[in-house]
Structure formats: structure tokens, C-alpha cells
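Everything on this sheet refers to the single structure shown next.
Order of the sequence lines sets the chain letters (A, B, ...), proteins ahead of strands, with each chain counted from 1.
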Amino acid sequence: MGAYREVGPAAGWLDMERRVLEFWRERRIFARSLQERAGAEPYVFYEGPPTANGRPGSHHVLSRVFKDVFPRFQTMRGRHVERKGGWDCHGLPVELEVERQLGISGKPEIEAYGIAEFNRRCRESVTTYLDEWERLTERIGFWLDTDAAYRTMDTDYIESVWWSLAELFERGMVYESDKVVPYCPRCGTALSSHEVAQGYGEVTDPSVYVRFPLADEPGTALLVWTTTPWTLPANQAAAINPDTAYALVEVGGERLVLAAALVERVLGEGARVVRTLGPEDLVGRPYEPPFGYVPGAHRIVAAPFVTTEDGTGIVHIAPAFGEDDMQVARDHGLDTPNPVDRQGRFTDRVPPVAGVFVKDADRALVEDLAARGRLLREQPYVHAYPHCWRCSTPLLYYAKPSWYIRTTRVRDRMLELNAGIGWHPEHVRDGRFGRWLEGNVDWAISRERYWGTPLPLWRCGTCADVQAVGSFAALRERAVNPPGDDFDPHRPHVDDVVLRCRACGDDAHRVPEVVDVWYDSGAMPFAQRHHPFAGQGDLEGRFPADFICEAIDQTRGWFYSLLAESTLLFDEAAYRNVLCLGLILDHDGQKMSKSKGNVIEPWTVLDRQGADAFRWYLLTGQSPWESFRFSLDVVDEAMRRFLFTLWNTYAFFVTYASLPDGWAPGDPAPPVAARPAMDRWILSRLDDTTARVTERMEAYDPTAAGRAVEDLVDEVSNWYVRTSRRRFWRSEDADDRAAAFATLHECLSTVALLVAPFCPFVAEEIHGNLVAAHDPAAPESVHLARWPEPGARRDEALEAGMTAAMEATSLGRSARKEARLKVRQPLAEAVVACPPAVAESVGGLAGVVADELNVKDVRFVTDPGELVEVTVKPNYRTLGPRFGKAMPRVAAAVAALDPAAAVRALDAGSAVEVEVDGGRERLADTDLLREVRPSTGYAVAQGGAIAVGLATALTPELEREGMARDVVRVVQNARRAAGLRVEDRIRLHLDGSGRVREAVDAHRGYIATETLAEALTVAHGAPFAGDHREETLVDGEPLALRLERVG
RNA sequence: GGGCGAUUAGCUCAGGUGGUUAGAGCGCAUCCCUGAUAAGGAUGAGGUCCCUGGUUCGAGUCCAGGAUCGCCCA
């Protein structure tokens, strides 16, 4: 049986956390929490891999805390929860960082530098901040197996990705196609739609209204509007909507064609409509292109996507530069000429701007149009335009060959599987994510970059047959020049491997692209286990995930790539539950950014307030999926409101349990049924809370779970301990004291279990000091313990009575304040006016109310009219459904009742009759709500059905007692000032005015007991000098005291 | 332009299935307590529940439209 470790003030919190971290390290608690659950039912968690080439921020703490809380909870529930870490290693961000370091920019410079050395540096760069990530992960208490972390750049990982792509290729799900893709000319690569999404920004483009003269009707021109003048040289057609009315108008001596609805908006009031035109008047007619450099059909076509929302209702079609345009070209057999090179510069097919970057060519091209009389008007146009998410270059929509996965073929299946996923919040399933899935397009997975998983496709130079390679063994088998055992599958080495074409036997070379990094991360369910190469059953109990958790911006990122790949490969969703998190904003709701200087570094919070406070705020501050308005202040609030309250209660327990006549676990205590109502009440609340927390955690709602504990801890601290304080140090009744200790001990040790997943440090501290130190059979760590089962001690009647007692106390205090009677002054009586049912429920708790209000007696009056006046109102909740439309007349009938008579009848157990619409209706007790109002004589406060009155008259005796309490307070302060310990005995001498001495004389015993005075002398001739002397006033009267320690 | 979400006290947030007088914490004011003490507590002030319509005996809650903010997509 061990002793308690002394508990200091909460100021030592950070030291406590460091101690706990050390304990976990030394005793290998995390590893053991897994070992001890070996063979148990698995609970599968997937870590969405971050990239370690940047420092972790507060938003990473957010996701890591939520990722931690459920695995901890499920482990305590008895599940085996592997938590394999992971790192996303490939991708453009890494390449860009290396480009910056090297001072180079763009693909030509990278290739001049050398791909081998470039990729070597990428490999180094990607682990730059690995140390800091691991330190942070440990410091915030995120239990993650970082030693066994998967890395998307590892050879085994890549081989699994190859396996999956070869599978899909063999099934005809991978194809190459010329499609228009968002393309970054600087990075020289196409971007996936989820990458595009990240880079929208406002830009001002020159929007131009251009004349396309009709070739068969001189003097008349189509009016075309575009915001990308640089696409005009590639024009192939002009599109109209077949369901829109067009107008031929005359303005300023020329004739123009545009949508009828837009005439006034575009041309003003000076335009005269000559004739309305339909599609039959326009489709198929030839026009003169804006520039003559690129040949083409140059005729009018019909396309349903054309709108009249802006522009002129006539759309210029450049098939190489727009997805819709490309579709029009396919539908009408148009060419798709592209006079722009891969760097976004015009080729010499457009001589005036050859070699110029397209966006920079806008000016020259517009001036050229103006000079030739083709430009009607130009005006700046502000709109959102996509930019490269890393280098901020405006993207071009650009036709180029790309590799695709035919995800559209499993779109409906993905929707089905999605319907079975537990989304938190629920609305994401059918809303944001569901809508996105419905609009699914084939996944463009190839990137013309360097640092990534190489696309495992080899194309024959002779017959163009393409083969997919699904393993390194297959690679070696088919290679003309098989690579060695230490083969690095990255570029450029893999590019050197030549295969023999299966069709014609000639040499086949790898296609140049690498794989979209989102494909890498979406492959983690199987690639992290080197599936299928690791052998039969390698995914058993590891797929699908029970739980994943990331920020809401992953909807189109990881959430999608996981689902898409698992549907394609395994026909199953990769995760059963997903928790979406909101963004971290600053206190004013602004995004945190370095340029605004409003970034809060996680280390700042951890070094000042600690991990538990950080975690508690994030987990319980608000719904996880809302934006977090984050600041040091909100963490402070969480800390004070909950953690310090818990700490103070814990410190209180240890202080008194440590005393010589204290209490230790295992010491005898009365059975719960024999303990006082206060004990049974808090244990009822404890059981209720345990059930509630369990239920909420199972529902992935840590916010409500945490708040339930918060409420309980508040009740323990501010009601149970406050009202029971004396039982811990001065109970004459040993059983009663033991009951109090045992009850509080159970509350604290159970709360430690309940909060272990949330704030694992303080939970460990409390468990260690209150449980593990005393019971050799107990788990040495709270995180090795089993989750508590709620007991069967719920007593709702008792809880209702306590609620009424609390309310009566609150009302009594309000009345005291009103009457300006401080609580230290005892009063003769409190009168509680309430219905009989309430009086009965409070029952044995009247003594609590009396203590709290410092009154000699609490008397219940249940007869209406005594102390208060009573009124009754209809209970709409019960009567509404019963009477419906007749409710207003029921309310009128209730108002006409004699309230006192009605209440007496109800209290006597009979119903009240009212007449409604000619019928007699019986109203039961629950159909009427009572309200009391103070009448006279007492200081009264009322709230709803309860009113409390205080007898305000003070007798000399009561005044003496009040003064005695004042004296005790002064002596206690003096004890503390003298540096005495709470259990030290003293000799005490008091002197003062006549009133003071009378009070002391009358309450000698009380004062001596309260102040642990073994000897108490009054007035004349102090028998000792006293280590501590003091002169002061009590209630305006002089008091002198001396005291000294004995023994 | 479309999708999704949000809007409740000065601030941060709660408010199953419509039903009494819309709650908490922080801050503020006035106090209390003083053996949990570099703590703790009470009482009070503070609200057009974004706006406008609608459904209903009854709307913070349901429906429609609008405003503002955020995210996502065009």
C-alpha cells in the first residue's frame, strides 16, 4: 500500500506533463497497450499521411488530437488498435522546395541539372522536418507508431502502387486520351481537379467584344465575347445556343448579331433590332476568323452549354483550350490545332507573338484586332481564375495526352458505398461529398514530373503496344537489361529499363509520366502493408478502416482517392467512419497566414498551457467540423473551466487523504446504500455520466462526451465537495468520513478513466496517484485500464430532489442578497414554498439547504397562499397535442380558474375541470404549471414553482453566533499567516470588546474545534507570549489574538 | 453562377422529434467565502435567436425567398 504523492498547485502542470511523458517512454506504455490487446478484435485506424517537408502547424495538432482520441478510447474498450504512421513523400511541393534551394526554376533547368541528383535532393528534403514532426507528435500525446511508418517513396510502397495500376490496366480501366486539362506552364504539368481547387484567385483579364464578319453577308458580323484573347488565334468555330433567340441589330452604321436578350446590355439603347434570328438562320454559316494564321472550319455551330448570362450569347470555340470547346470539336468534327508550346508560349504558327507567353500576348493581339477594325470594345473583367496551387502561375486549359483511370465506370458503385459510410457531420455524405461523386469524371493520374511514383507503363517504339508492369519481379523478367537487387524504382533509373514488346518483340520504353500523389495516398490501405506481396491475408483485420479523420478540405483529396481506389480494386469502401474537421482561424475568424502575422505556433501553446489544455479546447470547444476561432485565450478558458477545476478537486482529495487520519484505497468504507444522500447522488451522476460519455464516444461525438464530463466535474467540485468539505477533516463519525473519501475517490478515479482519451496526461497523473500507487493489481497506466462500465446506481428521484435543493439554495442566496444579509450571519429559518411533490423529493436534503444558506431550520410550505401567491398556467406541451386549435380557449378557461383552489385540488390528487366549447374537460396535475409570487413578511425570491423566504429577524443569540464565525475566520487567516499546516494544533488567546468576548464565551467549543485549539483562553492575562499576534476588527468590534503551535 | 454549411448576449459557444420565462462560460457590475487559497462561489445587468414571408393553436426549431460570412466547385 503506497502513500500519496503530494500535489502542488496547478501552476506545475507542465512539469506534470513532462513527468508523464517520461513515464510513458520508460515504461513503454503505448507499445504495451497494443501488446496487451494482441488477438483482440481490431479497430482499424488509417493515418492520412502529411508531408514532412514543412513544419507542423496548429491545424496539424487539431487533426492529430482527433486522430488520437478514438484509438485511445477503443483501446480502453478492449480493441486492438494499430496506429501505423505515414508520410506523403512525393509531389510537386517537394520538387518546388528543391528548386528553390537550388535556385533553379522549371523543367528545362531541372533536366539540365540532372534528374538523378534532383530526385536525390527531393528524397532528402522530404524528411527535413521529420524530427520536429515526431517531437510534436509525442509532445501532444498522439500515440502513433512512427518507427514503422509507411513512406510513399519506399520501394515496397511503390511496388504495391504498381500492382494496383497494373490490375486496373489489365481490366481496361486505364487509358490515354487527348483531353483538355488544367495545365501549369511553369511546372510543365497537368493538375488534378483537386489541385486546381486550391488555387482559385481573383484576376483582372482584358475582356473583348470581337467582330466575326459573316463571310456570306458582307457588312454583318457576329459579336463574340471572350476573356482570353490569346485563345483567338486557335479559333475554329462560333457556338450559339439552339434554344436562344438571336437578333440582327443595326448600330452606328454596322450590323451585328448577338443574343436578343443581351442587345441592350451590350450595345446600349442606340441599337435598333432589324430582325430576330433562330438557329436555322445561323448554324452552318461561315465567318472570317479573328486571325488568319491557323486554318479551320470557321463556321457557326450549335452547342447547348452556351448561355446568355454574360457575353453576347455567341461563344468563340478554341478546341485546344477548353473542355467544352473540345467537346464541340468532337461533336462537329473540327480540328484541334494548338499553336502554343508546353511552356505556354506561342509557336511560330502565330508569327507576331511567336515565343511570347500567352498571357503576355494578350495586349499585342488585342491591338492587332483593333488595328484591323475587329475590336468593338475592351473592358477589364474581374473574375476568379485558377492558378497553380504552388507557384501561382495562372493555369491554362490545354489539350494534351494524359493517362486516365475510368472512375466514371464505378461512379454508381462509389455512390452506393458512400451511402454506407458514417460521415460526421452527416450532411457531407449526400452534400459536399455525394454531389462531388455524382459529377465524377475520369481521374487524370499522370503528371509530367520527376519526383513521384513512376507510371508503370512501357510503350513499344515500333508498334505502340502498351504493357503495364505490376511487380519488380515482372519487370526483371521482361527487361532486356534487368535492374539489380538494390533497384530504386524512381526516375531516372526506371527510365533506363527497356522491356521487350509483347506484341512485336521490339524495345519498349517507359512512358515519361509519374503518378498523381493523391493516388499514392489513396493507396495506403494496401501499399502500407506491401499488399499483395506480403502474402496471403496481409490485409486481414486491417481493411477497411473503422475510422479516419482529416480536415474537410480532403473531401476531394484523400477522402476521394481512398474511396475511388478501394472501390476499383476491392469493391468496398476503405473506411466505415470519417470525421471531418473545420479549419483553424484566428480569433477574428481570419485565416492564419504568415503574411498577416496571426499564426499561432503549436509550440507556443504547448510551452505555455500544455498538451491537455490544447487537446481539451480542440476536442470540446465546439463542433469539430466548424471553423475554430483559435487563440491563446480560448485555451486558457478551457484550462480554467475544466482542467483546473479537476486539478483542484484532485489536490483537495490528496491533501486530506494524506493526513494521519486520512484514507487510502482499500480502507474500509460503508456500502453505497448506507452512505449519505449526497454520496449516493454524486455516484448516481457518475454512473449517468459514464453511460453518456460511452454513448457519445461510440457516436464519434467527443464534444458532447467531453462536456458531459465537464458538467460532472463541476458538480463534484462545486456541489459535492463544497457541501461535504467538513466530512473530510472533521467528521466525528469515522464511517461518514470513510464514505466521503471512498465516494470522492471513486469519482476522481473514474473521471480519470473517462478523460484518459481526451487529456491523457492529467488522467495518468490522477490514476497513478490515486489508483496505481495503492493497488498492485491495478494497471500501472490509465491507458492500460479498461473503460468503465456504468454502475446501476442511477437514482432519478434523488437527482430531481437535489436539483430542487440546488434551486432552493440559489433562491435563498438571492433572497439574502436582496435583504443584505451575509451568509456568515446565521438566520433562524428559511421557508420553501413549493408543491408537495417537490417538498417530498427534497426530503432528507433539507439539511444541505440549511447548511448552504446558514439557517437553523428549513420549513416547507405546500399550501398555496402561505408566503406566496400561486398562479396556474396551461402546460402547452401536454395540452397542445390534445386540444389543437382549441388551445386559446383552454388557456382562457385555465386563466379563469381560482388558482389556489385548483392547486389544492391537484395536491389532493383530484383533477381540475374546465369548460371548453361546451364540454367538460379534466386537467391533471401535469397539465397545469404553477408559478408562485412572493407575498409579504419574509425576504423572498422565487423561480417557477419554488419560492424561498428567509426570516430576517436577528436575535442576540444569532448575532453572537455570527460573530463567532467571524472570529473563526480571523483565526484561520492568522493560522495561515503564521505558516501552520492544516493539521497543526494550537494554543489560542483572544481578547476584544464586550460583544466579542460574549460571542467567544458562548461558542468556545465551536471556535476551539474549528481552529484546532487545544487551549483557548479569553481576556485577561494571556498565559503565553504567542508566536503570532494580530489585532483586527470583526463586525466593527476590536479583536486581539495570539496563537502558537503546540507539540 | 452552382453546391454545402454557418448566422442565438459585448466575446466564444449549447440549444433530440415544434410547446412554460431561450441557456452556459468568459468579460462586466455588485457581492460572498476564506482549511481547495497565486484558488473558489453567488447574485445581477446584458437577447428584434440575420431579415421577410409562409405552415401551425403555438416557430430559435419546419418550409420558401433574401442578406452576410466561410468552404468547395464552375
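- When the side-chain nitrogen and oxygen atoms of A/T649 are compared with OP1 and OP2 of B/rG40, none of them lie within a distance under 4.0 Å.
- Remark: B/rU48 base-pairs with no nucleotide in the shown strands. Criterion, Watson-Crick or G-U wobble with two distances under 3.5 Å.
- A/P881 comes within 4.0 angstrom of a base, heavy atoms only.
- Across all strands shown, A/N875 has no heavy atoms under 4.0 Å from either base or sugar-phosphate atoms.
- Heavy atoms of A/T655 sit nowhere under 4.0 angstrom from any nucleic acid atom.
- Nucleotide B/rG10: paired with B/rC26 (Watson-Crick or G-U wobble, both distances less than 3.5 Å).
- Between the C1' atoms of B/rA74 and B/rU12, the separation comes to 35 Å (whole Å).
- Here the closest heavy-atom approach between residue A/F728 and residue A/R737 is recorded as O-CD, 3.9 Å.
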Which protein N or O atoms sit under 3.5 Å from an N or O of nucleotides 2-7 of chain B?
{"unit_1": "B/rC4", "atom_1": "OP1", "unit_2": "A/R435", "atom_2": "NH2", "d": "3.4"}

Pairs: protein N or O with nucleotides 65-69 of chain B N or O, under 3.5 Å:
none

Hey, what are the protein-to-nucleotides 28-31 of chain B N/O distances that come in under 3.5 Å?
{"unit_1": "B/rU30", "atom_1": "O2", "unit_2": "A/K817", "atom_2": "NZ", "d": "2.4"}

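- Closest approach to the A/S810 side chain among B/rC71, B/rU43, B/rA36 is made by B/rU43 (side chain taken as heavy atoms from C-beta onward).
- A/R707 comes within 4.0 angstrom of sugar-phosphate atoms only, judged by non-hydrogen atoms across all strands, and of no base.
- Within the nucleic acid shown, A/T878 has no heavy atom closer than 4.0 Å to any nucleic acid atom.
- Ion pairing between a basic and an acidic side chain is recognised when a charged N comes within 4.0 Å of a carboxylate O; A/R726 and A/E1010 show such pairing.
- When distances are taken from the side chain of A/E637 to each of B/rC57, B/rG25, B/rG35, the shortest belongs to B/rG25.
- Relative orientation of the A/Y700 and A/H424 rings is tilted, given thresholds of 30° and 60° on the angle between their planes.
- For B/rC33, there is no paired base (Watson-Crick or G-U wobble, both distances below 3.5 Å).
- Base pairing of B/rC69: its partner is B/rG5, meeting the Watson-Crick or G-U wobble criterion (both donor-acceptor distances under 3.5 Å).
- For B/rA39, neither phosphate oxygen OP1 nor OP2 lies less than 4.0 angstrom from any side-chain nitrogen or oxygen of A/N648.
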